[in-house]
Amino acid sequence: MFLKAIEYMIKKISAHRVTGQLHAPASKSVAQRAIAIACLAHGTSRIVHPGTSEDVLAAIGVARALGADVEQQPDRLIIKGGVSLPREPLHCGEAGLGIRMFSAIAATLNQPVILTGEGSLRSRPMDMICSSLQAAGATCEASDGKIPIRVQGPLPGGVAHIDGSVSSQVLTGLLIAAAHARQDVTLKVHDLKSRPYVDITTQMMKDFGVEVENRNYQEFVIPAPQNYQARTYVVEGDWSGAAFLLVAGALGGHIRLENLDMHSPQADRAIMEALKSSGASIRADKSGIEINKAPLHAFNFDATHCPDLFPPLVALAAGCKGLSVIKGVGRLKVKESDRALALVQEFSKLGLAIYTENDNMYIEGGNVLKSARVHSHHDHRIAMACAVASLLTDGCVEIEEAQVVAKSYPGFYEDFARISGE
């Protein structure tokens, strides 16, 4: 009964003003990478501030299944590295990054490994994983293009041609695993998207003691075999989750966020550019960022390399007078939902004029939105965007299947309540 109640959770949000100070949530993107690399490292690593998102918990489960010793302590993980053949399929939950990283790590083993997942991951295409691993010399088979997938290594090394036009996450997995190939690896990448996320990966590889050379995002050279070295790693704040709170401040009053690195390689730090373009009042210092409500105007923004910003950008555009244009719609089909379709459907219920054409999304904002019941489409970012949009309504927003925020930001509703008093 409890599970069924959670599955159909409805959240009623009637916030009309925000004020207060919060800590940004931990970056699940960085935390998952840290867990994966610590699995491969010699010795014991300490991962500080990993967060408790569902994707991070799934990564912990996969790490354990692969033979790493993972101890969960308050606000940190103690991981003794070591990868061995798992006794059962690796269950990646709903984590797209997780299955793309751990499939490549599984390909360093010389026996078959099965990877599976649940929820929206069941409908997401796996062909890009298989083609990339096959190009790198491993065996990979999907079930009619979907999970479960079967992977077998070892990775021989040499030159592999990788398509980066759909997602950079497959490349992230191969980069991390390439250090354990039998000989040097050169990854030749075509049309790479989301470059900042690759920067995160290569920097973290170096932080854990592995050499990698980036040749203008067209070739990546990894000498092999190499050994990752255990270390203490502090997970930075998450710009993806923080983007919703920053937009809330711009739409609804005042907010100060701490634990955000203004020099972070996270792609979603670009939310600051969009906020500035819209006329938001921003003040940043070494310890945090303050956003204050101000008259907002339409903006143009290219989200091709940061597609996770589309949902908070739509909420922002809804509060901006005039026609805003967001580019990069083509990046949205292989997310937890078809995000372009989900955003158009749900924000239209709120009375927003929103449509897509070719690779652009158009939003005519600046008007009061109406109360409505919307659906999350099982997508954490759609749910958070609709919650923030409540600041623009004349009543409330009811979100069906609102519990999906746990995938990336389990404390979102609690934090939003703290600043809205709702």
Side-chain angles (χ1 to χ4, degrees), residues 26-53 55-87 90 92 95 97-98 100-110 113 153-155 157 169 171-185 197-214 220-238 259 261 264-266:
S27 170
K28 73 180 181 71
S29 177
V30 172
Q32 288 178 89
R33 285 167 169 81
I35 293 167
I37 293 173
C39 282
L40 296 170
H42 283 195
T44 300
S45 297
R46 288 164 177 80
I47 312 301
V48 183
H49 306 320
T52 58
S53 69
D55 284 5
V56 167
L57 297 179
I60 292 170
V62 173
R64 286 173 171 157
L66 280 169
D69 183 358
V70 184
E71 178 185 350
Q72 291 176 264
Q73 297 183 354
D75 206 29
R76 70 181 54 211
L77 302 172
I78 311 299
I79 302 178
K80 183 177 181 181
V83 172
S84 59
L85 189 68
R87 298 178 180 177
L90 302 179
C92 298
L97 172 61
R100 289 162 183 166
M101 282 195 308
F102 286 112
S103 59
I105 290 173
T108 65
L109 303 171
N110 59 9
V113 178
L155 290 176
Q169 292 177 346
L171 175 60
T172 277
L174 282 172
L175 284 166
I176 291 171
H180 281 220
R182 291 187 168 180
Q183 62 180 8
D184 296 355
V185 176
Y197 289 105
V198 177
D199 292 336
I200 293 174
T201 302
T202 55
Q203 183 57 57
M204 291 182 69
M205 291 170 67
K206 294 172 184 177
D207 290 342
F208 281 83
V210 160
E211 297 178 31
V212 54
E213 181 184 357
N214 176 356
F220 294 84
V221 179
I222 306 95
Q226 294 186 71
N227 292 321
Y228 289 100
Q229 301 302 318
R231 58 161 292 170
T232 296
Y233 191 89
V234 180
V235 177
E236 63 180 87
D238 179 34
N259 191 36
D261 180 2
S264 170
Q266 291 182 51

Can you name the closest pair of heavy atoms from Asp184 and Pro223 and give their distance? OD1-CA, 3.4 Å

Pro50 to Val235 - nearest heavy-atom pair and separation: CA-CG2, 4.2 Å

Minimal heavy-atom distance between Pro265 and Ile200, with the atoms involved, is CG-CG1, 3.6 Å

Measure from the side-chain N and O atoms of Gln226 to the backbone N and O of Glu211, and report whether any donor-acceptor pair falls under 3.5 Å. yes

Quick one: pull up NE2 in His49 and CD1 in Ile47 and give me the separation to the nearest 0.5 Å. 12.0 Å

Output, in order, the C-alpha distance, side-chain angles, deciding distance and verdict of side-chain contact (heavy atoms from CB on, under 4.5 Å) for Arg46 and Leu77. CA-CA 6 Å; Arg46 288 164 177 80; Leu77 302 172; over 6 Å; no

Please check this pair: side chain of Arg100 against backbone of Thr172, looking for a donor-acceptor N/O pair closer than 3.5 Å. no

Any idea which heavy atoms bring Thr202 and Asp199 closest together, and the distance? OG1-O, 3.2 Å

Would you say the side chain of Phe102 lies within less than 4.5 Å of the side chain of Val113, judging by non-hydrogen atoms? no

Separation of Gln169 CD from Thr201 OG1 (nearest 0.5 Å): 9.0 Å

For a side-chain contact (heavy atoms from CB on, under 4.5 Å) check, start with the C-alpha distance between Tyr197 and Leu97, then their side-chain angles and the critical distance, and finish with the verdict. CA-CA 11 Å; Tyr197 289 105; Leu97 172 61; over 6 Å; no

Nearest-0.5 Å distance, CD of residue Glu213 to CZ of residue Phe220: 10.5 Å

Heavy-atom side-chain proximity of Pro154 to Arg182 below 4.5 angstrom: yes

For Arg231 and Phe208, what are the C-alpha separation, side-chain angles and deciding distance, and is it a side-chain contact (heavy atoms from CB on, under 4.5 Å)? CA-CA 7 Å; Arg231 58 161 292 170; Phe208 281 83; 3.5 Å; yes

I'd like to know whether Tyr233 forms a side-chain contact (heavy atoms from CB on, under 4.5 Å) with Val30, so could you lay out the CA-CA distance, the side-chain angles of the two residues, the decisive distance to 0.1 Å, and finally the verdict. CA-CA 10 Å; Tyr233 191 89; Val30 172; 3.7 Å; yes

Would you check if Val212 and Leu175 make a side-chain contact, meaning some heavy-atom pair closer than 4.5 Å? yes

Over all heavy atoms of both residues, which pair between Cys39 and Ile79 is shortest? Give the atoms and the distance, please. N-CG2, 4.3 Å

Residue that, paired with Glu236, satisfies side chain to side chain donor-acceptor pair (under 3.5 Å) out of Ser29, Ser27, Ser264: Ser264

In terms of heavy-atom contacts, does CD of Gln229 have more than 12 from other residues, nucleotides or ligands at under 6.0 Å? yes

Nearest 0.5 Å, please: how far is OG1 in Thr108 from CG in Leu66? 8.0 Å

Could you measure the distance from the CZ atom of Arg33 to the NZ atom of Lys28? Nearest 0.5 Å is fine. 9.5 Å

Hey, could you give me the CD1/NE2 distance between Ile105 and His180, rounded to the nearest 0.5 Å? 9.0 Å

Restricting to non-hydrogen atoms, name the atom on Val185 and the atom on Gly157 that form the minimum distance, rounded to 0.1 Å. CG2-CA, 3.8 Å

